[in-house]
Student: 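Handing you this structure, nothing more for now.
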Number of protein chains: 2
Amino acid sequence: MVTTSNKSERVPSDKVNSRVERSRHTVLTTAFELLSEGGVTSFTVDEVARRSGVAKTTIYRHWPTREALVIDACSQMIAEQETPDTGSLEGDVTAILMEIAHLLPTANWSFVLPSIVDTAERNPEFAEIHSRIQRGHAAPLREVLQRAVGRGELSAHADVSTIVAALLGPLFYRRWFSREPIDDQFVKAIIKRVLTSL
Amino acid sequence: MVTTSNKSERVPSDKVNSRVERSRHTVLTTAFELLSEGGVTSFTVDEVARRSGVAKTTIYRHWPTREALVIDACSQMIAEQETPDTGSLEGDVTAILMEIAHLLPTANWSFVLPSIVDTAERNPEFAEIHSRIQRGHAAPLREVLQRAVGRGELSAHADVSTIVAALLGPLFYRRWFSREPIDDQFVKAIIKRVLTSL
DNA sequence: ATGATACGATACGGTATCGTATCGTTTAAC
DNA sequence: GTTAAACGATACGATACCGTATCGTATCAT
């Protein structure tokens, strides 16, 4: 099947940047944009077609159903963040939480996430996606906490999951539940509260 | 308009327990039940009619539109909790958080809330309702914290909003984001972490 | 008893959306 | 240049839901 050739890579992956791949990319971009605006509920294949300029027929040639497209679009949010390495636990945690605090009111995914959480409440496929997104958010924190354990800066018996909840919980709470602003002072207060109790 | 009479209260409020009020109550109950199952999105007037036995015509005689009914049903969630008074801040906070931890995985409203949060992200009317629900959740905590200030158990400069976020945030985080179980040990760890840092 | 009010059953128009069918046109491989 | 694959435009059937209209029936106050 995979034939070699003098030309540069004539395997199936040569279709990258082909017409097929361009359509696919255009649709996915528009889909995510639409998701950010209206959430999963008001997401419509017709609207994606209208806005992207790609014919609805073509969209259904790539995705068998509306839900498949939504899921693919949501998967774009599964992007693991950079893990800082400042040398100290407090420095690392501060870097991570400041980054998240900065993203929470602005990033597109912060507008889509409630929709995914809601859908995940009753749809296993979305529950799986949400789980992956969630792990992506928590991963850097878990890593710097593990490193702190390695350095002896943190007890090996420390409950990492609880600490993550104590750090991320208040930020998320402010963004989606109390809807209060998340300023540096708040973030620092949370970090101090958690770290001094270790 | 309001005519007095010898009989017991012949003002408009005499219609309580009348046919009108019975229909209204039946519909609202069914509506909330439906909300708990499918969230705001899949909520349908036709389904409320089917399930409740009340004719769709009658429903529209009471509520001008679907959204009005949804909002009325959501408003049932605005129920302020009891505020305990154990004498100590730790006792009060523990009582409140244990109650919430117990309700989070079971209570109907915990299944509807993500839907409301999502809708509130783009709909001011739902934002208002969510705000009221949220205040209802935080009110007991705020009160016991204020009492603690009055007793001198807590500094008058303590930032109550931050403390509330530090207490409720981790619980909500576990329920809707990390989806980990919320056991007594976790709740106590959070409380200890927050209170010892005051 | 009687009249007003509310209810039930049913049907309906209007709209939105999903997913498919058809067919002519463009792109790209060879 | 020829050919196959992918695309665009359009129309369509099917379904679900909203909100209204109609009309006969049940309830309730007086």
Side-chain angles (χ1 to χ4, degrees), chain A residues 1-28 30-31 34-35 37-73 123, chain B residues 1-28 30-31 34-35 37-73 123:
Chain A
M1 275 298 190
V2 176
T3 61
T4 56
S5 105
N6 328 7
K7 300 184 179 180
S8 53
E9 283 298 317
R10 282 292 163 211
V11 283
S13 66
D14 69 343
K15 296 227 166 179
V16 174
N17 273 346
S18 70
R19 192 164 48 152
V20 174
E21 208 52 33
R22 279 202 307 276
S23 296
R24 188 182 150 78
H25 184 260
T26 304
V27 170
L28 269 182
T30 308
L34 215 65
L35 267 183
E37 295 175 13
V40 174
T41 298
S42 63
F43 180 91
T44 291
V45 179
D46 292 78
E47 180 60 24
V48 174
R50 269 192 291 274
R51 199 182 286 201
S52 68
V54 177
K56 198 166 68 154
T57 328
T58 302
I59 298 179
Y60 276 104
R61 284 192 189 101
H62 286 308
W63 291 271
T65 173
R66 178 200 103 118
E67 195 177 359
L69 176 54
V70 174
I71 288 179
D72 248 28
N123 183 323
Chain B
M1 275 303 189
V2 177
T3 60
T4 56
S5 106
N6 328 9
K7 300 184 178 180
S8 54
E9 281 300 314
R10 281 293 164 209
V11 285
S13 65
D14 67 344
K15 299 225 168 177
V16 173
N17 272 344
S18 69
R19 192 164 48 155
V20 174
E21 207 52 32
R22 278 202 308 275
S23 296
R24 189 183 151 78
H25 184 260
T26 303
V27 170
L28 270 182
T30 308
L34 215 66
L35 267 182
E37 294 175 14
V40 174
T41 297
S42 62
F43 180 92
T44 291
V45 178
D46 290 78
E47 180 61 23
V48 175
R50 269 192 291 276
R51 197 180 287 202
S52 68
V54 176
K56 199 166 67 154
T57 328
T58 303
I59 298 179
Y60 276 104
R61 284 190 189 105
H62 285 310
W63 291 272
T65 172
R66 178 199 104 118
E67 196 178 358
L69 176 55
V70 175
I71 289 180
D72 247 29
N123 183 322

Student: Looking at the side chain of A:Thr58, which of D:dC7, C:dC7, D:dC18 is the nearest nucleotide?
Tutor: D:dC7
Student: Whole Å only: how far is the CD1 atom of A:Ile59 from the C1' atom of D:dG8?
Tutor: 12 Å
Student: Give the rounded distance in Å between these two atoms: CD of B:Glu21 and C1' of C:dT5.
Tutor: 15 Å
Student: Regarding A:Thr41 and B:Thr41, is there a side-chain donor-to-acceptor distance under 3.5 Å anywhere?
Tutor: yes
Student: Could you check how far OH of B:Tyr60 sits from P of C:dG13, rounded to whole Å?
Tutor: 18 Å
Student: Does A:Thr57 contact D:dA9 through a side-chain donor or acceptor facing the base, at a distance under 3.5 Å?
Tutor: yes
Student: Give the minimum heavy-atom separation between A:Lys56 and A:Ala49, together with the two atoms involved.
Tutor: N-CB, 3.8 Å
Student: I want to confirm an ordering. Mapping A:Pro64 and A:Ser42 to their closest nucleotides on DNA chain C, which one lands closer to the 5' end?
Tutor: A:Ser42
Student: Does a side-chain N-to-carboxylate-O contact under 4.0 Å join A:Asp72 and A:Arg24?
Tutor: yes
Student: For DNA chain C, find the residues of residues 48-56 of chain B with a heavy-atom distance under 4.0 Å and give them by number; none if there aren't any.
Tutor: B:Gly53, B:Val54, B:Ala55
Student: What is the distance from CD of B:Glu67 to P of D:dC17, rounded to the nearest Å?
Tutor: 17 Å
Student: Using 4.0 Å as the upper bound for N to carboxylate O, is an ion pair formed by A:Glu37 and A:Arg51?
Tutor: yes
Student: Hey, which of A:Val48, A:Thr58, A:Val45 is the one that makes side-chain contact (heavy atoms from CB on, under 4.5 Å) with A:Val27?
Tutor: A:Val48
Student: Of the nucleotides D:dC18, C:dC18, D:dT22, which has the atom closest to the B:Arg61 side chain?
Tutor: D:dT22
Student: Rounded to the nearest Å, what distance is computed from the CH2 atom of residue A:Trp63 to the C1' atom of nucleotide D:dA6?
Tutor: 14 Å
Student: Quick one: B:Arg24 CZ to D:dT27 P, roughly how many Å, whole number?
Tutor: 22 Å
Student: Using five base pairs at each end to define the local axes, how bent is the helix from C:dA1-D:dT30 to C:dC30-D:dG1, to the nearest 10°?
Tutor: 30°
Student: Identify which nucleotide among D:dC18, C:dG19, C:dT17 has an atom closest to any side-chain atom of A:Thr65, counting heavy atoms from C-beta outward.
Tutor: C:dG19
Student: With the side chain of A:Arg19 defined as its heavy atoms from C-beta on, choose the nearest nucleotide among D:dA5, C:dC7, C:dG19.
Tutor: D:dA5
Student: Evaluate the side-chain proximity of A:Trp63 to A:Ile71: yes if any heavy-atom separation is below 4.5 Å, no if none is.
Tutor: no
Student: Please give, in whole Å, the distance from D:dA14 C1' to A:Asp46 CG?
Tutor: 14 Å
